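Only one structure is covered here, and it is reproduced in the block below.
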Amino acid sequence: MSDVIATDALVIGAGPCGLFAVFELGLLDIKAHVVDVLDKVGGQCAELYPEKPIYDIPAVPRITGQGLTDALMEQIAPFGPTFRLGEMVVSVEKIGDPLFRCTTDHGTVFEAKVVVIAAGGGSFQPKRPPIKDIEAFEDTSVFYAVRQMEVFRDKRLMIVGGGDSALDWVVNLHPIAHRITLVHRRDEFRAAPDTVNKMRALVERRAMDLIIGQVMAVEGEGGALEAALVKTNDGRMIEVLCEAMLPFFGLTMKLGPIADWGVALTDGLVAVDTEKFETSVPGLFAIGDINTYPGKLKLILSGFHEGALMAQAAARYVFPDRRPVFQYTTSSTSLQRKLGVE
């Protein structure tokens with residue numbers, strides 16, 4: 001066994017909810033280590049839509065996924081969390097009260113008084129669409145996420161899908177792409193009504209193309225996309241010129257090793273209470289998209305709320321002899337000192 005890393009709290013997942021959990025824990029003097037299977041912080045925000053605007057963070061009218069990640073990293077900097085990126089926690093074993101031994105797939109071993117699962121939906125990967133020969137173009141001209149919008153500047157871009165991701169990127173990439181063609185199997189969309197209206201307005205003034213049908217095959221050489229064959233709903237087969245493609249067919253979410261950690265599950269998610277967001281295992285918490293409870297909303301702001309209540313409960317395990325005292329950052333000089341406020 002490698003050297004054991006002792007910490008107050010182990011946070012599994014470095015997405016927005018995991019990062020904010022570090023802040024709430026830090027206010028209560030709880031030191032945290034953070035582990036994430038991705039090679040960077042930010043979770044799905046940074047991995048799938050770093051440049052996509054988010055509009056429902058309280059008091060922040062508009063911020064990108066990467067912008068939110070950067071702001072959270074700045075917010076938690078006073079607490080000096082330690083990150084282990086590119087590693088997956090594969091086992092969590094309760095060895096004391098409170099004490100957990102957690103091991104990653106790289107052999108890193110932690111012993112933590114509390115564990116916080118903030119792993120989003122677990123491990124995730126985009127669903128590959130049933131399009132002939134698409135594998136040859138992946139990561140060169142076919143992409144399942146937008147990490148840099150500039151990649152699509154002045155390109156003939158085909159976006160495939162009818163949900164929020166597809167239509168959001170139609171609207172956001174329209175100003176920089178040479179021409180966008182949206183392909184969906186029916187003339188009904190699952191995206192937010194306002195976004196659908198914006199897309200239809202672009203179509204109406206002939207600023208983009210909408211094809212109702214299915215992409216059957218792609219054409220090109222050496223990973224460079226040149227065209228796509230689309231079968232329309234009236235049975236025609238048409239060739240559409242395109243230099244890049246964004247297929248959005250959803251994500252395959254896998255709970256992964258979490259299913260073997262002895263926590264109660266409901267419909268493939270971790271069941272928690274709504275007082276502490278604690279799992280069926282005392283001292284093991286779950287916040288964000290990975291958990292479920294009556295009335296659950298999969299929103300970042302909901303995960304922030306869950307993290308705040310979780311931290312208050314975690315403090316009772318980490319400091320069992322300390323009398324809980326609730327303080328406000330606006331008035332508490334001790335909290336302000338922790339944050340480096342002058």
Side-chain angles (χ1 to χ4, degrees), residues 9-25 32 34-38 41-49 54 56-58 65 68 72 88-94 98 100 102 112 114-127 163-165 190-192 248-317:
L10 181 67
V11 178
I12 302 172
C17 294
L19 296 179
F20 190 68
V22 171
F23 177 78
E24 290 293 327
L25 292 167
V34 185
V35 178
D36 198 295
V37 69
L38 299 177
V41 300
Q44 294 185 38
C45 278
E47 181 70 7
L48 296 182
Y49 48 92
I54 303 170
D56 61 353
I57 302 300
L68 178 62
L72 285 163
M88 176 186 291
V89 176
V90 293
S91 67
V92 173
E93 178 187 5
K94 192 172 179 65
F100 294 87
C102 308
V114 295
V115 175
V116 183
I117 307 172
S123 61
F124 60 92
Q125 59 187 28
K127 293 180 182 177
D164 283 310
S165 294
R190 304 180 308 281
F248 293 108
F249 283 66
L251 297 173
T252 299
M253 312 302 285
K254 297 181 179 178
L255 200 58
I258 298 171
D260 301 321
W261 295 351
V263 296
L265 304 177
T266 300
D267 297 327
L269 295 170
V270 179
V272 294
D273 62 44
T274 53
E275 177 190 0
K276 305 179 295 293
F277 297 95
E278 193 169 23
T279 72
S280 58
V281 178
L284 181 56
F285 301 86
I287 62 174
D289 287 357
I290 198 71
N291 76 15
T292 186
Y293 52 85
K296 169 73 177 184
L297 289 177
K298 290 192 174 186
L299 295 172
I300 295 173
L301 64 91
S302 299
F304 289 167
H305 158 77
E306 295 164 11
L309 293 186
M310 171 280 298
Q312 296 294 321
R316 294 180 173 89
Y317 288 105

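Residue numbers count from 1 along this sequence. Keep in mind it's a predicted model, so treat the numbers as computed, not measured.
Applying the ring pair (Phe, Tyr, Trp, His ring centres under 6.0 Å) test to pairs two or more places apart or on separate chains, those with a residue in residues 281-301 are Phe277-Tyr293. Sequence neighbours left out, the pairs with a member in residues 303-315 that pass salt bridge (charged side-chain N to carboxylate O under 4.0 Å, His left out) are Lys296-Glu306.
Of the inter-residue distances, the one linking Ile258 atom CD1 with Leu269 atom CG reads 9.5 Å to the nearest 0.5 angstrom. Here the CG atom belonging to Asn291 is positioned 10.0 Å from the CG atom belonging to Asp273, to the nearest 0.5 angstrom. Rounding to the nearest 0.5 Å gives a distance of 9.5 Å between SG of Cys17 and CG of Leu299. Note that the CD1 atom of Ile12 and the CE atom of Met88 stand 11.0 Å from one another [nearest 0.5 Å]. Asp289 CG to Ser302 OG: the interatomic distance, rounded to the nearest 0.5 Å, is 9.0 Å.
Remark: Asp260 engages no residue in a side-chain hydrogen bond (donor to acceptor under 3.5 Å, both in side chains) (not counting sequence neighbours). Remark: Ala308 pairs with Glu24 by the side-chain contact (heavy atoms from CB on, under 4.5 Å) rule, at least two apart or across chains. Phe23 is linked by a ring-ring contact (aromatic ring centres under 6.0 Å, His included) to Phe20, Phe79, counting only residues two or more places apart in sequence or in another chain. With sequence neighbours left out, Thr279 forms a side-chain contact (heavy atoms from CB on, under 4.5 Å) with Val263, Val270, Val272, Val281, Leu284, Ala286.
Taking the side chain as every heavy atom from C-beta outward, Asp267 and Thr292 never approach each other to under 4.5 Å. Residues Val11 and Leu25 are in side-chain contact: their nearest non-hydrogen atoms beyond the backbone lie under 4.5 Å apart. Using a 4.5 Å heavy-atom cutoff, the side chains of Ile300 and Cys45 are in contact.
The minimum heavy-atom distance linking Ala14 with Asp36 is given by the pair N-OD2, 2.6 Å. Closest approach of Leu72 to Pro16, counting heavy atoms only: CD1-CA, 3.6 Å. Taking each heavy atom of Ala21 and Met310 in turn, the nearest pair found is CB-CE, 3.8 Å. Looking at every heavy atom in both residues, Tyr317 comes nearest to Pro282 through OH-CB, 3.6 Å. Scanning both residues, Phe100 and Val92, for their nearest heavy atoms gives CD2-CG1, 3.8 Å. Contact detail for Gly43 and Leu38: the closest heavy-atom pair is O-CD1, 3.8 Å.
Glu278 places a side-chain N or O within donor-acceptor distance of the main-chain N or O of Gly283, the cut-off being under 3.5 Å.
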